[in-house]
There are 2 protein chains.
Amino acid sequence: MTDLEKGPRGLRRGRGARERILGASRELFGSRGINNTGMDELCAAAQVSKHTVYQHFGGKDQLVTEFLRQHDPDTMPDVFDRADLTPRERMLAAFDRPSTVPPRDVTPLCPFIGAAVEISDPEHPARRRAHDYKEAVAARFAEAAREAGATDPELLGEQLALVLDGASARTRALNAETLGTAAAIAATLIDQAVPVAR
Amino acid sequence: MTDLEKGPRGLRRGRGARERILGASRELFGSRGINNTGMDELCAAAQVSKHTVYQHFGGKDQLVTEFLRQHDPDTMPDVFDRADLTPRERMLAAFDRPSTVPPRDVTPLCPFIGAAVEISDPEHPARRRAHDYKEAVAARFAEAAREAGATDPELLGEQLALVLDGASARTRALNAETLGTAAAIAATLIDQAVPVAR
DNA sequence: GCTTAACTGCACCGATCGGTACGGCTAAGC
DNA sequence: GCTTAGCCGTACCGATCGGTGCAGTTAAGC
């Protein structure tokens, strides 16, 4: 994401094509979906020659995989690594994401869910990455839940992760924001799972 | 679904091709996804000539739309129309679905979520159908919630619908059943939303 | 200023996509 | 037994897909 990141093996690069490609992937795979985005289209958006794409990444599948690997590698650090919030507030902050940028009127679909739906082969590396990410989110929630003193942190973590996924999928299906609903559910679950309550 | 349903306008039919086509749609769109299923492939699975498909349905888009329109037209009647269950039990029954048939080891993805993800145009008829269905599910839950005496039936209905969608999406992403987790969430939400409790 | 290589532009490949044309078969209804 | 029409089989269409070849341009590092 830094505009001067090194290539695959510290290669020299003329003008950072790799980053533009990944940027265009984020843009197009996110808005139009993976299968509805052609490589020509992607090259045009990245202002990059087709040849360059296949030089950096081996092919579309590997580009998709790499795109997902780059996406949120630390699993929502802007939520779970905030030291200024209590564990409970951190859990709730996950449901209080960037509020609707003008171009999109609703929160875009989680790219991992998108990949899991669009790629039918469960053994595909992108599917594996999606699997790992989803488990990582649950683990992050569980960690915060443990700090908050939840009776069963693992269970609460899995529950909150599921609710977050529900918000993503349902927002897409309804084409209307549902994160607020999800936040209310989260609050209820947390209060119910933490003995002393607040 | 009845194996002798009439065609578009009560036509005569030699041997029920229309039903086989819709059956194959259910099979293939469900397992491999819409965009990953070719028309040739679908024709082969339905044991139907390509010509016949385009005679019954105008094209792939319209077939997808019709497939979704046929799918669960009464919005889970096997759950919400059961007179032998209390409203609360009915709500919970929605999370206790057909338990993992051998070929699939997990609950398949909700076809409406699939369509909402695979089709990027929000104005596509299939997307509209998905939208309507998802609202219908929430309304069904809300109806049961009202009967159960929930404080805010509409809210609880929307919450339970979101949790159900979360289970569908997350089951796909993890490739492991998550309906149990969803059921636990549902129970918590219901107990919290119904004043007298059980 | 030379080397080196990332990057470009375009033409092109085979495969597959959704969709159509056409001629022939078969079974229901009178 | 004739009509009627749902259905078949195949060959084929143009478009687009992911991916490659090749000659040429640009810019960083020494």
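Note on naming: letters A, B, ... go to the chains in the order of the sequence lines (proteins, then strands), and numbering restarts at 1 for each one.
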Visitor: For B:E41 and B:L28, which heavy atoms make the closest approach, and how far apart are they?
Guide: O-CD1, 4.0 Å

Visitor: Kindly assign one of parallel, tilted or perpendicular to the pair B:F112 and B:Y133, based on the angle between their ring planes and the thresholds 30° and 60°.
Guide: parallel

Visitor: Closest to the B:V48 side chain: D:dC8, C:dC7, D:dT20?
Guide: D:dC8

Visitor: Taking 4.0 Å as the cut-off, does a side-chain nitrogen or oxygen of B:T52 come that near to OP1 or OP2 on D:dC8?
Guide: yes

Visitor: Could you check B:S49 against A:T37 and say which one's nearest nucleotide on DNA chain D is further toward the 5' end?
Guide: B:S49

Visitor: For B:Y54 and C:dC17, give me the distance from atom OH to atom P, rounded to whole Å.
Guide: 11 Å

Visitor: Whole Å only: how far is the CD atom of A:E41 from the P atom of D:dA15?
Guide: 18 Å

Visitor: D:dA5 P sits how many Å from B:Q55 CD, rounded?
Guide: 12 Å

Visitor: Could you give the distance from CD (B:E158) to CG (B:L156), rounded to the nearest 0.5 Å?
Guide: 10.5 Å

Visitor: Go through it in stages, so that I can follow the logic: the residues are A:R140 and A:D81, the test is salt bridge (charged side-chain N to carboxylate O under 4.0 Å, His left out), and I'd like the CA-CA distance, side-chain angles, deciding distance and then a yes or no.
Guide: CA-CA 10 Å; A:R140 282 286 223 173; A:D81 291 342; 3.0 Å; yes

Visitor: Once you apply a heavy-atom cut-off of 4.0 Å, does A:Q47 come out as touching a base, just sugar-phosphate, or nothing?
Guide: sugar-phosphate

Visitor: Quick one: hydrophobic cluster around B:L109, which other residues, with the 4.5 Å side-chain cut-off, linked directly or via members?
Guide: A:L109, A:I113, A:V117, B:I113, B:V117

Visitor: Can you pull the salt bridge (charged side-chain N to carboxylate O under 4.0 Å, His left out) pairs that have at least one residue in residues 107-124 of chain A, sequence neighbours excluded?
Guide: A:E123-A:R128

Visitor: Examine C:dA6: is either OP1 or OP2 under 4.0 Å from a nitrogen or oxygen in the side chain of A:R20? Give yes or no.
Guide: no

Visitor: Hey, does A:Q62 reach any base, or is it just sugar-phosphate, or nothing, if we go heavy atoms under 4.0 Å?
Guide: nothing

Visitor: Take atom CD of A:E19 and atom P of C:dC7, then tell me their distance rounded to the nearest Å.
Guide: 11 Å

Visitor: Whole Å only: how far is the CG atom of B:D40 from the P atom of D:dC8?
Guide: 15 Å

Visitor: In this structure, how many angstroms lie between the C1' atom of C:dG18 and the CG atom of A:N35, rounded?
Guide: 15 Å

Visitor: How many Å lie between CE on A:M39 and P on C:dT8, as a whole number?
Guide: 14 Å

Visitor: Can you find a side-chain donor-acceptor pair between A:Q62 and A:E66 that sits under 3.5 Å?
Guide: no

Visitor: Can you measure B:H56 atom NE2 to D:dG6 atom P for me and round it to whole angstrom units?
Guide: 8 Å

Visitor: Set out, line by line, the N/O atom pairs under 3.5 Å between protein and nucleotides 21-25 of chain D.
Guide:
unit_1, atom_1, unit_2, atom_2, d
D:dC22, N4, A:H51, ND1, 3.1

